[in-house]
There are 2 protein chains.
Amino acid sequence: MKGPCSQHTHRHRLIQPSLTDLTAQLRRNSRKITASRQAILNVLRRHQHPLTNREIHAALAGFECDLATVYRNLNTLEEMGMVRRFDFGDGVARFELLTEGDDGHHHHLVCTRCSTVVEIEDCFPAELEAALAARHGFTQISHKLEFFGVCPECRVQKLA
Amino acid sequence: MKGPCSQHTHRHRLIQPSLTDLTAQLRRNSRKITASRQAILNVLRRHQHPLTNREIHAALAGFECDLATVYRNLNTLEEMGMVRRFDFGDGVARFELLTEGDDGHHHHLVCTRCSTVVEIEDCFPAELEAALAARHGFTQISHKLEFFGVCPECRVQKLA
DNA sequence: CTGTTGATGCAAATCAATTGCATTTGGTGG
DNA sequence: CCACCAAATGCAATTGATTTGCATCAACAG
């Protein structure tokens with residue numbers, strides 16, 4: 001474990017969805033406002049980094065619920081467009097809370113040693129999507145882009 | 001299943017590694033030239049698309065070996081830099097044979113319905129890596145980029 | 001030909017994620 | 001405040017990809 005990676009987040013979400021917004025969004029989708037759901041959303045609201053189901057489950061304060069419930073809820077929240085799922089290729093899904101109207105499209109720079117995550121706004125591939133559509137006849141094109149490398153902390157650790 | 005996706009490959013590898021090159025590469029890494037190994041490499045040589053362990057195992061002609069052996073061999077071949085692993089986010093690893101000296105860096109456009117794969121040469125993110133290194137102090141930066149969409153065949157199927 | 005080392009088969013173990021099922025609970029209309 | 005229904009949950013069992021322990025085999029170097 002390394003300390004809180006304060007300075008590591010490049011893109012700071014300006015608007016953090018409020019609890020009332022979130023419950024409204026749930027209600028609109030005829031989803032129940034359960035204690036587990038609120039606890040999970042609170043964990044996500046407190047973290048600006050992508051979290052795994054297990055991490056979310058571990059971070060639940062006060063209210064405990066089954067890990068399966070966390071899994072089910074994150075799938076539901078993803079379907080409703082309230083969270084975005086990321087895949088860093090390590091076989092574990094990670095999630096970030098989205099603000100309404102924001103599709104949360106961005107990418108990450110992940111340290112291959114300590115998994116520190118930096119958010120990246122740049123997204124050249126988006127410019128390519130139209131070209132690819134024209135060239136290959138594909139429609140509804142999207143993409144996933146993740147960067148990997150060794151973060152400054154890990155580099156010095158190696159030297160020490 | 002759809003027929004052989006002949007015209008789907010955009011980037012055709014000009015040099016397909018020869019069997020002798022491959023065995024030489026194995027020998028150089030003090031790896032034994034076993035029948036399973038040869039059979040696996042032959043499967044990879046015959047396909048220009050990324051294949052899963054299971055697909056490779058199923059495509060083994062004549063020589064049969066355990067699925068665990070296929071898994072072990074692809075890990076070994078990846079370590080040796082003879083194959084490249086791809087991750088389309090569906091929880092299954094895929095592999096492509098590499099030519100020596102070619103790091104096989106490229107990306108894919110995957111149909112979200114039938115999994116048809118088109119190779120993509122364009123790679124804007126590479127230009128970004130240096131900038132990211134400077135901006136965030138990361139080193140040894142690499143990236144993974146995959147495009148997803150609905151291929152022409154699947155689009156018409158939907159209409160039919 | 002023979003020893004050493006890597007490779008293999010087979011079964012069991014991991015690990016993330018999902019699911020069946022009985023039970024509980026939020027939200028709604030009385 | 002009460003009754004009802006759909007959604008949600010706990011718990012255990014399952015799935016599916018991938019890995020691993022272990023005993024046996026087979027390359028290949030000398």
Side-chain angles (χ1 to χ4, degrees), chain A residues 19-20 22-44 50-60 62-80 82-95 115, chain B residues 19-20 22-44 50-60 62-80 82-95 115:
Chain A
L19 233 48
T20 27
L22 292 174
T23 55
Q25 219 168 336
L26 285 171
R27 224 182 299 281
R28 215 172 311 129
N29 290 66
S30 41
R31 296 298 185 174
K32 297 180 178 172
I33 322 278
T34 66
S36 346
R37 210 100 90 181
Q38 291 181 30
I40 291 170
L41 287 171
N42 270 324
V43 170
L44 289 171
L51 296 176
T52 67
N53 283 285
R54 205 168 287 280
E55 287 167 341
I56 295 168
H57 182 248
L60 288 175
F63 197 87
E64 291 302 321
C65 72
D66 198 85
L67 182 55
T69 298
V70 176
Y71 273 97
R72 274 190 279 235
N73 270 314
L74 282 152
N75 287 341
T76 305
L77 292 172
E78 187 194 17
E79 278 170 26
M80 296 171 41
M82 293 181 62
V83 301
R84 188 178 184 89
R85 178 190 303 260
F86 290 98
D87 171 19
F88 294 165
D90 61 353
V92 194
R94 276 158 233 267
F95 301 87
S115 299
Chain B
L19 235 46
T20 29
L22 293 173
T23 56
Q25 220 169 334
L26 286 171
R27 224 182 300 278
R28 216 173 310 130
N29 290 64
S30 43
R31 296 297 185 175
K32 296 179 178 171
I33 322 280
T34 66
S36 345
R37 210 99 89 181
Q38 293 182 29
I40 290 170
L41 287 172
N42 270 322
V43 169
L44 290 170
L51 296 177
T52 67
N53 282 284
R54 205 168 285 281
E55 287 167 342
I56 294 168
H57 182 248
L60 287 175
F63 197 88
E64 290 303 320
C65 72
D66 197 85
L67 181 55
T69 298
V70 176
Y71 273 97
R72 273 191 280 236
N73 271 313
L74 282 152
N75 287 341
T76 305
L77 292 172
E78 187 194 16
E79 279 169 24
M80 296 172 41
M82 292 180 63
V83 301
R84 187 178 184 89
R85 178 191 302 261
F86 289 98
D87 172 19
F88 293 164
D90 60 353
V92 195
R94 275 159 235 267
F95 301 87
S115 299

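Chain naming here is simple, since letters A, B, ... match the order of the sequence lines and numbering starts at 1 in each.
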- request: Mind calculating the distance between CZ (R28(A)) and C1' (dG27(C)) to the nearest angstrom?
  value: 17 Å
query: dG6(C) phosphate, OP1 or OP2: any side-chain N/O from N29(B) under 4.0 angstrom?
result: no
message: Donor-acceptor pair, distance only, cut-off 3.5 Å: does the side chain of T76(A) make one with the backbone of R72(A)?
response: yes
message: Please check: side-chain N/O of H57(B) versus main-chain N/O of A68(B), any donor-acceptor pairing under 3.5 Å?
response: no
- line: Nearest-nucleotide check on DNA chain C, C65(B) vs S30(B); residue mapping nearer the 5' end is S30(B)
statement: note: E79(A), atom CD; dT18(C), atom C1'; distance rounded to Å ~ 13 Å
- prompt: Atom CD1 of I40(A) and atom C1' of dT9(D): how far apart are they, to the nearest Å?
  reply: 11 Å
- prompt: Rounded to whole angstroms, how far apart are CD on Q38(B) and P on dT8(C)?
  reply: 11 Å
- prompt: Does E55(A) reach the main-chain N or O of T52(A) with its side chain, forming a donor-acceptor pair under 3.5 Å?
  reply: yes
query: Where the side chain of D87(B) meets the backbone of G89(B), is there a donor-acceptor pair that is under 3.5 Å apart?
result: yes
- prompt: Counting N and O atoms only, with roles assigned by atom type, does the side chain of T69(A) sit under 3.5 Å from a partner on the main chain of C65(A), one being a donor and the other an acceptor?
  reply: no
field: Rounded distance in Å - CG (L77(B)) to P (dT8(C))
entry: 10 Å
- request: Could you tell me whether the side chains of R94(A) and N53(A) share a donor-acceptor contact shorter than 3.5 Å?
  value: no
message: Can you measure D87(A) atom CG to dA17(C) atom P for me and round it to whole angstrom units?
response: 10 Å
- prompt: Which letters describe nucleotides 17-30 of chain D, given B = protein heavy atom under 4.0 Å from base, S = only from sugar-phosphate, - = neither?
  reply: SBBBB----BBS--
field: Sugar-phosphate, base or nothing in reach of S36(B), heavy atoms under 4.0 Å
entry: sugar-phosphate
- prompt: When the distance from CE of M80(A) to P of dA7(D) is rounded to whole Å, what number comes out?
  reply: 13 Å
